[in-house]
Amino acid sequence: MYKIKPHNRPSPSSFYRDKSWFIAGLVVVLVIFCVIWSFGESFSGFSNFIPTDCSADRSHFVDRENEPRDTTFYDDPEITYTLEKPIKDWDAKRKEWLRLHPTFIPGAQNRILLLTGSQPWPCKNPSGDHLLLRCFKNKVDYARIHGYEIFYANAFLNPKMKSYWAKIPLVRAAMLAHPESEWIMWVDSDAIFTDMDFKVPLKRYKHHNFVVHGWPDLIYEKKSWVAVNAGIFLIRNCQWSMEFLDVWGSMGPASPDYKQWGQTLRSTFKDKMFPESDDQSALVYLLLKEKKKWGHMMYVENEYSLHGYWVGVMGKLDDITGRYEKIEKKTVKLRRRHAEVVSESYGKLWEKHLEDAGDRKGGWRRPFITHFTGCQPCSGKYNPAYKGDDCWVGMERALNFADNQVLRSFGFRHPDLRNGSVSPLAFDFPGADQPDENEAEGLV
């Protein structure tokens, strides 16, 4: 008969040894569990053990899923998106909306909504739709790099407000649709961002509500209708702007006083050759005649190319490219490969090298925006003052010039700005050029 032998009692040393192995195994299991959880949230209960406070970096988090049940201006049937009825107390309404959507508050003062658009029908010019597509792609690239929202309109929100007047009802509707945005930036369809690094210096406009490219002497001394360019501007999302758009729009074709405004503007600006009231002449008129009411809140910008006239830009693109590459050859950090999402940090690095570059006549810095005024790529009816296919060749070169700055993060470039073909970039492009002692030791 077999006897069952009792288990020997383990010694103290073996007990602690086994316990150590058990603890070590438990730690391994927890580590594996954490790794699996980090790749997917299938273990929903585990989130209770992880801090969920986003306050450390709220500027990068916005809650787009939850809409509070509290009533806002959106629930007011008296609020209209059209120009027919003024909006009152917009600042308070917008402030209340932000209070109910607190994750949109961080960074709100610098938030820009980029607006652009074109007519709702196909272009008459055979290459017009392609050019508009590429121009839109250019704007999408710029917006993506800088984290801006973008909206492209191909409908007239007011059938009477067509052509250059179409942007005014669109800007007004955009303010209502995007209360989280402090600034609305309108850019004509034929305008191209040609410096992807440049950011609008919003701090400069902290005491202003409207920014447009222009020349004060042409406004107040020569009284010219081309004293500003109304195809590109920034307008603050506020009550002042709502009222200003109402006044500006009242000079357009939807107004019963449209013909009278045409006569008034033509008599005011002696260089205006056509009788119709246009948005640009109307804007200059408000700056000139109602400076205390409207003009004092407008900033006429000419320190950089918010509007760069394409004729003056095209002859400088090759020289600009050469100068930038020369700087890169001397500075390792500027030519370092990087992810597109951190492009802004490299844009800041460039600034100290561009302090004396300028962005005006005679300067060699990339123009912020190049505007192909008078080219009309969609209709093809360009200004007769231009020769041959200068417009189309110029747009192709400007688009490829800008695209090279974007493709850089993808490892490609257009070797020839005159066509769309691309080539892979060599590592460390454009290569070193007699680096100084600091650069020879590594990244500086």
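The residues of the chain are indexed from 1 along the displayed sequence. Quantities reported herein were computed from a predicted structural model and do not represent experimental measurements. Worth knowing before you read on, the calculation uses all heavy atoms, side chains too, and leaves out hydrogens, waters and symmetry mates.
- Without hydrogens or angle criteria, H101 side chain to W97 main chain gives a donor-acceptor distance under 3.5 Å.
- Between atom CD of residue E84 and atom CG of residue D246 there is a gap of 10.0 Å, rounded to the nearest 0.5 Å.
- Residue N400 forms a side chain to side chain contact (heavy atoms under 4.5 Å, CB included) with just one option from L417, L317, L407, and that option is L417.
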Exercise for the section: Under the salt bridge (charged side-chain N to carboxylate O under 4.0 Å, His left out) rule, what do E78 and K93 come out as? Steps first, then yes or no, please. Expected result: CA-CA 13 Å; E78 298 298 317; K93 290 179 172 66; over 6 Å; no
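- Taking the six-membered ring for Trp and thresholds of 30 and 60 degrees, H338 and Y346 have nearly parallel ring planes, at less than 30 degrees apart.
- The closest side-chain heavy-atom distance from H307 to T373 is below 4.5 Å.
- Taking the six-membered ring for Trp, Y386 and F372 have ring centres at least 6.0 Å apart.
- Not a single donor-acceptor pair under 3.5 Å links the side chain of D63 to the backbone N or O of T103.
- From Y324, atom OH reaches atom CH2 of W364 across 6.5 Å, with rounding to the nearest 0.5 Å.
- Note on ring orientation: taking the six-membered ring where Trp is involved, the planes of W225 and F274 are perpendicular (angle over 60°, cut-offs 30° and 60°).
- Figure legend: K223 and Y220 shown without cation-pi pairing, the cationic atom not lying both under 6.0 angstrom from the six-membered ring centre and within 45 degrees of its axis.
- The backbone N or O of E276 lies less than 3.5 Å from a partner atom in the side chain of K272, making a donor-acceptor pair.
- A salt bridge does not link R111 with E149: every distance from a Lys NZ or Arg NE/NH1/NH2 to an Asp or Glu carboxylate oxygen is 4.0 Å or more.
- If you check the side chains of T194 and T370, you find a donor sitting under 3.5 Å from an acceptor.
- Smallest separation of non-hydrogen atoms from N302 and P216: ND2-CD, 3.8 Å.
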Identify every side-chain donor-acceptor pair in residues 418-430 under 3.5 Å, counting partners at least two apart or on other chains, and give the distances.
from, atom 1, to, atom 2, distance (Å)
R418, NE, D416, OD1, 3.1
R418, NE, D416, OD2, 3.4
R418, NH2, D416, OD2, 3.1
N419, OD1, S421, N, 3.1
N419, OD1, S421, OG, 2.5
D428, OD1, R335, NE, 2.8
D428, OD2, R335, NE, 3.2

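- Between atom CZ of residue F136 and atom OG1 of residue T116 there is a gap of 8.0 Å, rounded to the nearest 0.5 Å.
- Atoms NE2 and CZ, on H414 and F401 in that order, are 12.0 Å from each other to the nearest 0.5 Å.
- Summarising the geometry, atom OG1 belonging to T72 is positioned 11.0 Å from atom CZ belonging to R99; distances are rounded to the nearest 0.5 Å.
- Of all heavy-atom pairs spanning W215 and V226, the tightest one is CZ3-O, 3.9 Å.
- Every residue meeting the ring-ring contact (aromatic ring centres under 6.0 Å, His included) condition with W240, not counting sequence neighbours, appears here in chain and number order: F244, W294.
- Classification of the Y205-Y299 ring pair by plane angle, with boundaries at 30° and 60°, yields perpendicular.
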Practice task
Just do the salt bridge (charged side-chain N to carboxylate O under 4.0 Å, His left out) check on R204 and E303 with the steps written out, would you?
Solution key: CA-CA 11 Å; R204 186 183 301 183; E303 291 299 314; 5.8 Å; no
Exercise for the section: For side-chain contact (heavy atoms from CB on, under 4.5 Å), just list the numbers for N209 and Q239, CA-CA rounded to whole Å, side-chain angles, deciding distance to a tenth of an Å, and then say yes or no. Expected result: CA-CA 10 Å; N209 295 329; Q239 180 64 32; over 6 Å; no
Problem - Derivation of the side-chain contact (heavy atoms from CB on, under 4.5 Å) call for N237 and E180 - result: CA-CA 9 Å; N237 194 354; E180 81 285 356; over 6 Å; no
Handout entry: Derivation of the salt bridge (charged side-chain N to carboxylate O under 4.0 Å, His left out) call for D319 and K316
Key = CA-CA 5 Å; D319 178 61; K316 301 193 299 181; over 6 Å; no
With a 3.5 Å cut-off and sequence neighbours excluded, list the donor-acceptor pairs that the side chains of residues 253-265 form with protein atoms.
from, atom 1, to, atom 2, distance (Å)
S255, OG, S250, O, 2.9
S255, OG, D257, N, 3.1
T264, OG1, Q260, O, 3.0

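- With rounding to the nearest 0.5 angstrom, the CZ atom of F198 is 14.0 Å from the CE atom of M196.
- Taking the six-membered ring for Trp, F233 and W248 have ring centres closer than 6.0 Å.
- Partner of R397 under the salt bridge (Lys or Arg N to Asp or Glu O under 4.0 Å) criterion, chosen from D403, D390, D318: D318.
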Problem - side-chain contact (heavy atoms from CB on, under 4.5 Å) between D279 and K167, intermediate numbers included - result: CA-CA 10 Å; D279 65 322; K167 56 179 169 277; 2.5 Å; yes
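- With respect to L157, the side chain to side chain contact (heavy atoms under 4.5 Å, CB included) criterion is satisfied by exactly one of L83, L170, T82, V171: L170.
- Of all non-hydrogen atoms in S189 and K139, the two that sit nearest each other are O-NZ, 3.4 Å.
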Handout entry: Test side chain to side chain donor-acceptor pair (under 3.5 Å) applied to S181 and Y148, step by step
Key = CA-CA 9 Å; S181 296; Y148 299 156; over 6 Å; no
Practice task
Verify side-chain contact (heavy atoms from CB on, under 4.5 Å) between L399 and K137, making sure each step is shown before the conclusion.
Solution key: CA-CA 9 Å; L399 286 165; K137 185 261 184 192; over 6 Å; no
Handout entry: Pair F156-W121, ring pair (Phe, Tyr, Trp, His ring centres under 6.0 Å): steps then yes or no
Key = CA-CA 11 Å; F156 295 132; W121 49 76; 5.8 Å; yes
